[in-house]
2 protein chains.
Amino acid sequence: MAIHKRAEFTDAEQRLAAIAKALGHPARVAIVRLLAQRRACVCGELVLELPLSQSTVSQHLKELKAAGLVQGEVDGPRVCYCLDPAGWAVARQLLGDLLAEVPPAAAEAAAPGCC
Amino acid sequence: MAIHKRAEFTDAEQRLAAIAKALGHPARVAIVRLLAQRRACVCGELVLELPLSQSTVSQHLKELKAAGLVQGEVDGPRVCYCLDPAGWAVARQLLGDLLAEVPPAAAEAAAPGCC
DNA sequence: TTTGTTTATCGTCGATTTACGATTGCAAAC
DNA sequence: GTTTGCAATCGTAAATCGACGATAAACAAA
């Protein structure tokens with residue numbers, strides 16, 4: 001034995017990891033919430049709501065955009081950011097799949113673990 | 001204006017970010033799935049299932065443990081890892097809260113975005 | 001055209017992450 | 001008491017992240 005299975009990682013695992021990574025920073029979670037509540041939309045507004053500089057907020061937006069969770073439309077001199085429904089549909093799906101695989105606490109109590 | 005709102009970040013935002021960060025790597029997603037399916041449990045088994053070295057797997061387990069998603073029981077010379085039901089309950093809750101805040105695609109189509 | 005406003009990008013810095021081999025630590029078995 | 005086997009830790013190197021100020025780019029208005 002000893003040699004690896006070289007299983008690499010599933011496509012779903014990689015995508016889920018990318019989404020999770022995008023949400024893996026409090027500022028980005030906060031941005032998502034602000035956009036979800038429509039309390040802010042334009043980059044400048046987000047900067048006012050967050051304890052971060054403009055360039056830092058812009059970078060976080062870039063990462064959220066790269067993960068497909070956010071999209072930005074140019075609106076004159078400013079940019080309006082919104083959540084990307086398609087990306088969130090994928091996120092919902094993948095997170096749901098994972099949570100479905102993880103046995104809930106009840107099942108865990110019923111069936112004893114392997115140890 | 002100009003000065004930040006110093007809103008800092010919610011406790012929930014930080015916890016969610018920590019959980020998301022722990023899931024922000026394909027190997028850790030894979031580990032969680034292996035543990036969930038009970039296809040493996042002991043560290044050595046995980047190493048055989050993953051294209052990573054023993055020390056790397058051990059580090060990933062440490063991070064998952066720090067995030068409260070995994071717990072390890074010493075069982076003689078080996079260690080048996082299981083998902084931590086309490087941690088996953090929190091994860092379920094926080095992820096659910098966030099997804100509840102994000103309007104689903106249908107609502108998005110009905111109510112036009114801010115731009 | 002020029003000016004002003006808004007956002008993206010560049011360059012930089014320190015901190016963190018990811019990965020590995022090598023070493024150490026521990027518990028059981030001999 | 002040794003030896004054996006498994007897991008954690010150490011040390012290290014490369015890469016990435018997170019943050020910022022400064023600068024560039026895009027566009028509207030004057």
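Computed from a prediction, not measured in an experiment: that's the story for all the values here. In what follows, chains are A, B, ... by sequence order, proteins preceding strands, each numbered from 1.
- Put simply, CD on A/Gln59 is 12 Å from C1' on D/dT16, counting in whole angstrom units.
- Between B/Ser53 and C/dA19 there is no side-chain N or O to OP1 or OP2 distance below 4.0 Å.
- The nearest whole Å value for the distance from the CG atom in A/Leu50 to the C1' atom in D/dG18 is 14 Å.
- Residues satisfying the side-chain contact (heavy atoms from CB on, under 4.5 Å) test with B/Thr56, not counting sequence neighbours, are B/Leu52, B/Ser53, B/His60.
- Across the protein-nucleic acid pair, A/His60 atom NE2 and C/dT9 atom C1' stand 16 Å apart, rounded to whole Å.
- Here the C1' atom of nucleotide D/dA7 and the NZ atom of B/Lys62 are 12 Å apart, to the nearest Å.
- Remark: C1' of D/dA7 and CD of B/Glu73 are 16 Å apart, rounded to the nearest angstrom.
- Side-chain proximity of B/Tyr81 to the nucleotides C/dA8, D/dA7, C/dC20 is greatest for D/dA7.
- Of all the heavy atoms in B/Cys82 and B/Leu35, the pair that sits closest is C-CD1, 4.4 Å.
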Using atom types as modelled, flag every donor-acceptor pair under 3.5 Å from a side chain in residues 14-22 of chain A to any protein atom, sequence neighbours excluded.
residue: A/Gln14; atom: NE2; partner: A/Phe9; partner atom: O; Å: 3.4
residue: A/Arg15; atom: NE; partner: A/Asp11; partner atom: OD2; Å: 3.4
residue: A/Arg15; atom: NH2; partner: A/Asp11; partner atom: OD2; Å: 3.2

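- The distance from the CG atom of A/Leu64 to the CG atom of A/Leu23 is 7.0 Å, given to the nearest 0.5 Å.
- Here the closest heavy-atom approach between residue B/Leu50 and residue B/Ala30 is recorded as CD2-CB, 3.9 Å.
- The ring pair (Phe, Tyr, Trp, His ring centres under 6.0 Å) analysis of residues 83-104 of chain B, with sequence neighbours excluded, yields no pairs.
- For the pair B/Val79/B/Val42, no side-chain contact is recorded, criterion being any heavy-atom separation below 4.5 Å from C-beta on.
- Taking CZ of B/Arg28 as the reference point, atom CG of B/Leu69 lies at 10.0 Å (rounded to 0.5 Å).
- Taking only side-chain nitrogens and oxygens, B/Ser58 comes nearer than 4.0 Å to OP1 or OP2 of D/dA8.
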Next on the checklist: For a quick check, with a 4.0 angstrom heavy-atom cut-off, what is the B/S/- contact string for nucleotides 22-30 of chain C, read 5' to 3'?
Outcome noted: B----SS--
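- Remark: P of D/dA28 and CZ of A/Arg78 are 10 Å apart, rounded to the nearest angstrom.
- Comparing D/dG21, C/dT9, D/dA7 by their closest approach to the side chain of B/Val42 singles out D/dA7.
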Next on the checklist: Could you walk me through whether B/Val102 and A/Arg92 satisfy the side chain to side chain contact (heavy atoms under 4.5 Å, CB included) test, starting with their C-alpha distance in whole Å, then the side-chain angles of each, then the deciding distance to 0.1 Å, before giving a yes or no?
Outcome noted: CA-CA 10 Å; B/Val102 174; A/Arg92 242 179 252 277; 4.0 Å; yes
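- Terminal axes of the helix from C/dT1-D/dA30 to C/dC30-D/dG1 (five pairs each, C1' rotation axis) are separated by 10°, to the nearest 10°.
- For the pair A/Leu52 CG and C/dT7 P, the interatomic distance rounds to 15 Å; values are reported in whole Å.
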Item to check | B/Arg33/A/Glu13 under side chain to side chain contact (heavy atoms under 4.5 Å, CB included): CA gap, chis, key distance, verdict | outcome: CA-CA 9 Å; B/Arg33 294 187 65 218; A/Glu13 282 167 353; 2.8 Å; yes
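- The interatomic distance linking B/Glu45 (CD) with D/dC6 (P) rounds to 11 Å, in whole Å.
- To the nearest 0.5 Å, the span separating CZ on A/Arg78 from SG on A/Cys43 amounts to 11.5 Å.
- Of all the residues in residues 19-27 of chain A, A/Lys21, A/His25 reach under 4.0 Å from DNA chain D with at least one non-hydrogen atom.
- Put simply, the side chain of A/Val57 reaches to within 4.5 Å of the side chain of A/Leu61, judged on heavy atoms.
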